[in-house]
Enquirer: 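Below is a structure I'd like to ask you about.
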2 protein chains.
Amino acid sequence: MPRSTRPGGRTARTKAVVFEAAAALVAEQGHEAIAMTDIAARAGVAATSLYRRWGDVRTLLMEVAVDRLNADSPMPNTGSLRSDLRTWARRIAAGLTAPGGSPFFRTLVATAPAPGPAATGGDMERITAFGPRLQQIAVMLDRAAARGEAAPPLMDVIDHLLAPLYMRALVGAPISAAFAHDLADRLLA
Amino acid sequence: MPRSTRPGGRTARTKAVVFEAAAALVAEQGHEAIAMTDIAARAGVAATSLYRRWGDVRTLLMEVAVDRLNADSPMPNTGSLRSDLRTWARRIAAGLTAPGGSPFFRTLVATAPAPGPAATGGDMERITAFGPRLQQIAVMLDRAAARGEAAPPLMDVIDHLLAPLYMRALVGAPISAAFAHDLADRLLA
DNA sequence: CTACAAACGCAAATAAATTTGCATTAAGGA
DNA sequence: TCCTTAATGCAAATTTATTTGCGTTTGTAG
């Protein structure tokens with residue numbers, strides 16, 4: 001299987017092997033016990049290079065987690081919001097239950113810098129990692145609104161679709177496709 | 001304000017100062033950059049003792065986080081499930097928005113060992129830290145059932161009350177009392 | 001093809017964390 | 001009160017992580 005996304009530069013190449021090594025370690029043993037040294041050894045690159053490029057393990061692991069979580073699949077566009085949300089929720093559920101799915105979300109949470117002080121004004125975009133995902137949801141909702149369907153606010157999708165799924169991933173509760181399906185329906189009820 | 005929960009033993013005394021020091025550090029700078037050394041210095045105890053008692057920083061921080069999150073307030077018992085859930089949700093919201101509230105949940109998530117492999121069977125009890133809380137909810141639901149009220153399953157409370165609240169805490173989204181209130185109502189709808 | 005600069009590897013130096021051995025203190029029971 | 005044991009402090013030893021200096025490789029522009 002040819003890797004399309006790996007243009008020339010040596011830089012990109014080493015980044016690829018480093019990310020692969022780090023991701024493998026995260027999937028295998030979780031983020032907690034991983035040292036910069038481990039990743040370097042597994043990737044076959046000098047630890048020095050990792051320190052120079054990413055500074056510390058947390059930064060590197062966070063980038064890896066973001067990278068994995070944002071591996072974006074095209075948004076469903078079935079013609080009805082309900083159907084769109086269903087398949088989208090199922091897709092997220094599948095991603096979380098996949099081998100090494102939830103470890104990356106756990107890693108992101110653990111490595112992401114603490115959110116700002118009060119958090120009085122903004123929405124979820126404080127964690128930039130979720131930016132792309134939120135954009136996708138917004139597109140889906142906008143399309144529905146354009147069709148004349150009643151679309152829930154973005155924050156509702158976060159609270160009642162994303163939150164239960166991710167929370168279950170965090171604590172290791174089962175995440176079935178049926179559950180994702182029900183969440184979508186419940187959101188539109 | 002006298003601290004009632006601090007019985008004699010030197011052991012308990014040092015544990016208290018260590019927990020206080022660790023909690024203060026977590027509240028101030030988050031869990032990510034805290035070393036065993038820092039806690040020892042702040043608590044005024046030898047780092048050696050901390051290593052001997054807790055082994056490593058993660059273990060200690062996790063215990064501290066659990067300790068804080070389980071500082072149990074008595075469950076509301078107003079006579080109606082709806083009212084109970086409302087006040088209970090608001091109480092959690094208040095705890096999360098309080099200074100240093102969400103950092104402890106973030107710490108727990110970051111330090112808790114990765115949940116078991118498949119997670120096919122069980123419920124949320126895999127993370128033992130939530131055990132007490134879940135017990136409390138179960139009591140509340142049982143009381144309602146005993147009164148003849150229709151009570152939602154425990155997992156629904158987790159998915160639709162706890163999840164949105166804690167998820168918002170994780171990402172730094174605003175958590176208002178009104179929001180908690182609405183979650184309770186929505187759960188019973 | 002050549003020259004340049006960024007990224008890299010390696011080894012040494014440094015700094016920090018963690019362990020270990022031993023003396024001391026304090027709690028609880030006889 | 002005295003004795004026993006667990007917990008602690010302290011300093012030294014050890015390991016591990018991180019930084020630094022320098023020469024080498026490798027893209028890329030000219």
Side-chain angles (χ1 to χ4, degrees), chain A residues 2-26 28-67 107 110-113, chain B residues 2-26 28-67 107 110-113:
Chain A
R3 307 217 167 234
S4 58
T5 53
R6 243 188 250 184
R10 170 172 63 164
T11 300
R13 200 160 47 247
T14 59
K15 174 178 174 179
V17 296
V18 168
F19 269 40
E20 271 181 37
L25 287 174
V26 168
E28 286 172 14
Q29 42 181 273
H31 62 90
E32 19 234 82
I34 298 181
M36 199 66 114
T37 310
D38 304 325
I39 302 176
R42 177 127 178 187
V45 305
T48 311
S49 306
L50 302 192
Y51 281 112
R52 273 195 271 251
R53 272 181 83 163
W54 288 281
D56 55 45
V57 200
R58 281 203 321 113
T59 306
L60 171 54
L61 285 183
M62 179 173 163
E63 281 193 28
V64 171
V66 169
D67 185 69
T107 300
T111 58
Chain B
R3 307 219 167 232
S4 57
T5 52
R6 245 189 251 181
R10 170 174 62 166
T11 300
R13 201 160 47 247
T14 58
K15 172 179 175 179
V17 296
V18 168
F19 269 40
E20 271 180 37
L25 288 174
V26 168
E28 287 172 14
Q29 41 182 273
H31 61 92
E32 18 234 83
I34 299 181
M36 199 66 114
T37 311
D38 305 324
I39 302 177
R42 177 127 177 188
V45 305
T48 311
S49 307
L50 303 194
Y51 281 112
R52 271 196 274 250
R53 274 181 81 163
W54 287 281
D56 55 45
V57 201
R58 281 202 320 114
T59 305
L60 171 53
L61 286 184
M62 181 174 163
E63 282 194 26
V64 171
V66 170
D67 187 69
T107 300
T111 58

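Chain identifiers are assigned alphabetically (A, B, ...) following the order of the sequence lines, protein sequences preceding nucleic acid strands; residue numbering begins at 1 within each chain.
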Enquirer: For a quick test of reading the model: is some side-chain N or O of B:Thr14 closer than 4.0 Å to OP1 or OP2 of D:dA7?
Expert: no

Enquirer: Should B:Arg53 and B:Glu63 count as an ion pair when the cut-off is N to O under 4.0 Å?
Expert: no

Enquirer: What is the distance from CG of B:Leu50 to P of D:dG9, rounded to the nearest Å?
Expert: 8 Å

Enquirer: Just call it for B:Ala35: base, sugar-phosphate, or nothing, with non-hydrogen atoms closer than 4.0 Å on any strand.
Expert: sugar-phosphate

Enquirer: Is A:Arg13 close enough to C:dC8 that one of its side-chain N or O atoms is under 4.0 Å from OP1 or OP2 there?
Expert: no

Enquirer: C:dA17, OP1 or OP2 - any side-chain N/O from B:Thr37 closer than 4.0 Å?
Expert: yes

Enquirer: Does C:dT18 have OP1 or OP2 sitting under 4.0 Å from an N or O in the side chain of B:Tyr51?
Expert: yes

Enquirer: For the side chain of A:Val57, starting at C-beta, report the closest nucleotide among D:dA17, D:dT18, C:dC22.
Expert: D:dT18

Enquirer: Here's a test of your reading of the structure: between B:Arg52 and B:Asp56, which maps to the more 5' nucleotide of DNA chain C?
Expert: B:Asp56

Enquirer: Which nucleotide in the list C:dG9, D:dG27, D:dG9 gets nearest to the side chain of B:Ala46?
Expert: D:dG9

Enquirer: According to a strict under-4.0 Å criterion, is B:Arg53 in side-chain N/O contact with OP1 or OP2 of D:dT8?
Expert: yes

Enquirer: Would you say a side-chain N or O of A:Thr48 is under 4.0 Å from OP1 or OP2 of C:dG9?
Expert: no

